[in-house]
Amino acid sequence: MNSSFKKTLHDGRPNIGDRQKFHQYVDEIFDRRWLTNRGQLVQEFEKELADYLGVKHCVIMCNGTIALEIAIRALNLDGEVIVPSLTFIATAHALQWQQIKPVFCDIDRNTYNIDPYEIEKHITDKTSAILGVHLYSRPCDIEALQKIADKHGLKLLFDAAHAFGCSYKGQMIGNFGECEVFSFHATKFFNTFEGGAITTNNDKLAEKVRLMQNFGFSGMDNVVHVGTNGKMSEICAAMGLVNFDEMDEIVAVNKRNYECYKMAIPSIAGLHLIDFDEKEKCNWQYIVVEVGVNYPLSRDELVSELHANNVRARKYFWPGCHRMEPYKTLFPHAGEMLTITEEVVSRLLVLPTGTSVDETTITKIVGLMQR
Ligand SMILES: *Cc1c(COP(=O)(O)O)cnc(C)c1O
């Protein structure tokens with residue numbers, strides 16, 4: 001390995017659109033002296049996203065976690081909500097923060113998404129909803145989940161933080177369940193520094209979410225509902241507009257990167273690369289590798305080896321929410337029903353991609369994995 005490769009940190013830096021255009025937006029924001037509170041850019045951005053997703057309502061938020069919390073409140077969820085444990089901790093925290101018990105459900109061995117056939121084992125008279133997560137750009141088995149939700153009178157919503165720009169049976173993610181929640185955090189494929197959104201085709205829900213996002217204000221002096229501050233600033237919306245204009249290019253780079261990884265990884269014995277449905281739209285953001293038993297190194301050893309060469313591979317989502325606090329203490333036996341999750345968390349790693357990663361870098365990363 002040559003030393004210049006090792007001197008650079010290969011971690012898949014955030015995607016950044018046209019700087020010139022961004023600076024121009026910032027000047028306009030200062031000229032208008034309208035910094036937040038549903039400014040012109042937030043409104044433009046909301047409209048652009050709703051059009052793109054083909055959804056009736058898109059309410060832009062300050063981040064994905066607050067958006068999840070607001071969605072959960074607006075749907076009047078309580079008691080218990082069934083979620084996968086293999087997800088970012090915010091999915092569980094958004095429930096726990098509001099005194100709702102996250103009930104962890106196992107995943108499908110092939111898709112890593114919540115297994116619809118495991119859900120019924122967890123339904124009690126306290127269950128109010130199913131919160132699915134479209135993990136690693138791949139939609140859940142939405143139809144099966146909707147069927148179970150309908151059968152038991154449960155609400156269904158989605159954490160779509162990984163699936164902006166992806167489709168399910170030809171329809172964009174953002175249109176399913178009662179609502180879907182996106183994150184536009186810097187580490188996501190499409191970012192606004194910090195940001196998020198709730199999308200829904202339900203007029204009443206959209207209205208409620210809008211009230212809750214702005215302290216319950218309806219007009220200047222009239223508060224009609226309990227609320228919080230979930231607003232996005234104009235600066236973040238400017239970043240969103242700039243990145244939106246370059247989304248096709250970002251996706252093309254991600255796809256090229258994925259194909260570059262795909263040329264080499266499947267031929268390495270013991271490594272399995274995630275695959276995506278070519279018939280659907282995809283953001284190609286998650287280069288997930290499963291380390292099998294016949295690979296000479298364990299996942300942890302391989303990650304250490306990559307880190308030693310300055311490749312920032314991540315063990316997403318080790319060790320699973322149920323093994324992190326407070327859930328580990330609250331539900332010490334949760335793992336007993338999470339056989340597949342427990343196996344998979346010790347086998348997965350996520351490799352760098354995005355516009356800061358090129359083909360030469362990928363060839364070198366893959367070279368480190370060849371044994
Ligand atoms: C990033 C992420 C979130 C949280 O979004 P933020 O915008 O960082 O608050 C929630 N769920 C999943 C699955 C995520 O990856």
Side-chain angles (χ1 to χ4, degrees), residues 8-26 28 41-42 44-55 58 60 64 134 136-139 160-168 170-174 182-197 199 232 234-264 273-288 311-312 350-366:
T8 320
L9 184 60
H10 304 285
D11 60 352
R13 288 291 152 116
N15 298 320
I16 300 169
D18 186 327
R19 285 187 194 204
Q20 226 54 51
K21 227 190 287 171
F22 178 75
H23 292 310
Q24 214 177 312
Y25 276 129
V26 175
E28 288 172 26
L41 298 187
V42 163
E44 258 175 56
F45 185 38
E46 277 189 345
K47 198 175 167 320
E48 239 173 37
L49 291 191
D51 285 351
Y52 170 70
L53 298 173
V55 70
C58 174
I60 306 282
H134 306 304
Y136 310 133
S137 322
R138 298 193 298 197
H162 289 193
F164 183 70
C166 303
S167 67
Y168 173 80
Q171 192 172 17
M172 295 306 280
I173 292 295
F182 294 101
S183 164
F184 306 135
H185 182 257
T187 54
K188 305 300 199 268
F189 127 86
F190 174 81
N191 88 86
T192 60
F193 297 107
E194 292 268 5
T199 60
M232 176 180 272
E234 286 289 274
I235 288 279
C236 291
M239 184 67 161
L241 288 167
V242 160
N243 281 340
F244 189 80
D245 284 347
E246 284 186 29
M247 194 156 56
D248 291 347
E249 285 82 10
I250 299 171
V251 172
V253 168
N254 274 353
K255 183 154 197 253
R256 177 208 67 193
N257 286 354
Y258 171 79
E259 275 159 6
C260 201
Y261 279 114
K262 189 159 181 173
M263 275 199 297
L273 178 68
I274 190 171
D275 54 15
F276 301 103
D277 186 346
E278 291 275 352
K279 295 188 297 295
E280 300 289 350
K281 289 192 87 174
C282 186
N283 58 37
W284 307 90
Q285 171 75 355
Y286 295 90
I287 311 292
V288 182
V311 175
R312 189 66 66 80
V350 179
L351 293 169
T353 188
T355 50
S356 72
V357 177
D358 61 14
E359 290 166 279
T360 319
T361 306
I362 293 172
T363 307
K364 287 182 175 161
I365 292 174
V366 170

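What you see below is based on every heavy atom in this structure, not just the backbone, and it leaves out hydrogens, waters and symmetry mates. All residue numbers refer to positions in the sequence shown, counting from 1.
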message: Any side-chain to backbone donor/acceptor pair from Glu246 onto Gly17? Under 3.5 Å, distance only.
response: no

message: Testing the basics here: between His134 and Pro139, what is the closest heavy-atom pair and its distance to 0.1 Å?
response: ND1-CA, 3.4 Å

message: Whether the side chain of Asn283 engages the backbone of Phe189 through a donor-acceptor N/O pair (distance < 3.5 Å, no angle test) should be reported.
response: no

- prompt: Out of curiosity, Leu41 CG to Met232 CE, how far, rounded to the nearest 0.5 Å?
  reply: 11.0 Å

task: Give a yes or no on whether the backbone of Gly354 and the side-chain of Asn257 come within a donor-acceptor separation of less than 3.5 Å.
output: yes

- prompt: Is a side-chain N or O of Asn191 found less than 3.5 angstrom from the main chain of Asn15, in a donor-acceptor match?
  reply: yes

field: Glu234 side chain vs Val42 backbone, donor-acceptor pair below 3.5 Å
entry: yes

field: Side-chain donor/acceptor of Thr361 to backbone N/O of Val357, under 3.5 Å
entry: no

message: Tell me if a side-chain donor or acceptor on Glu48 pairs with a main-chain N or O of Leu241 at a distance below 3.5 Å.
response: no

query: Is there a donor-acceptor pair under 3.5 Å between the side chain of Ser183 and the backbone N or O of Gly64?
result: no

field: Distance-only donor-acceptor check, side chains Thr187 and His185, under 3.5 Å
entry: yes

- prompt: Taking atom NZ of Lys47 as the centre, does the number of heavy atoms from other residues, nucleotides or ligands within less than 6.0 Å exceed 12?
  reply: no

field: Donor-acceptor contact present, side-chain Arg138 to main-chain Asp275, <3.5 Å
entry: yes

message: Show the nearest heavy-atom pair for residues Ile274 and Tyr258, with the distance to one decimal.
response: O-OH, 2.7 Å

task: Return yes if a side-chain donor-acceptor contact under 3.5 Å exists between Ser137 and Gln285, otherwise no.
output: no

Parallel, tilted or perpendicular: ring planes of Phe190 versus Phe244, cut at 30 and 60 degrees: perpendicular

task: Assert yes or no for the condition that the ring centre distance of Tyr52 to Phe164 is strictly below 6.0 Å.
output: yes

query: Between Ser356 and Arg13, is there a donor-acceptor pair closer than 3.5 Å when you use the side chain of the first and the backbone of the second?
result: yes

- request: Sequence neighbours left out, what passes ring pair (Phe, Tyr, Trp, His ring centres under 6.0 Å) with His10? Give chain and number order.
  value: Phe5

query: Between Phe182 and Gly174, what is the shortest heavy-atom contact and its length?
result: CZ-CA, 3.8 Å

field: Mutual orientation of the aromatic rings belonging to Tyr136 and Tyr286 [parallel < 30°, tilted 30-60°, perpendicular > 60°]
entry: tilted

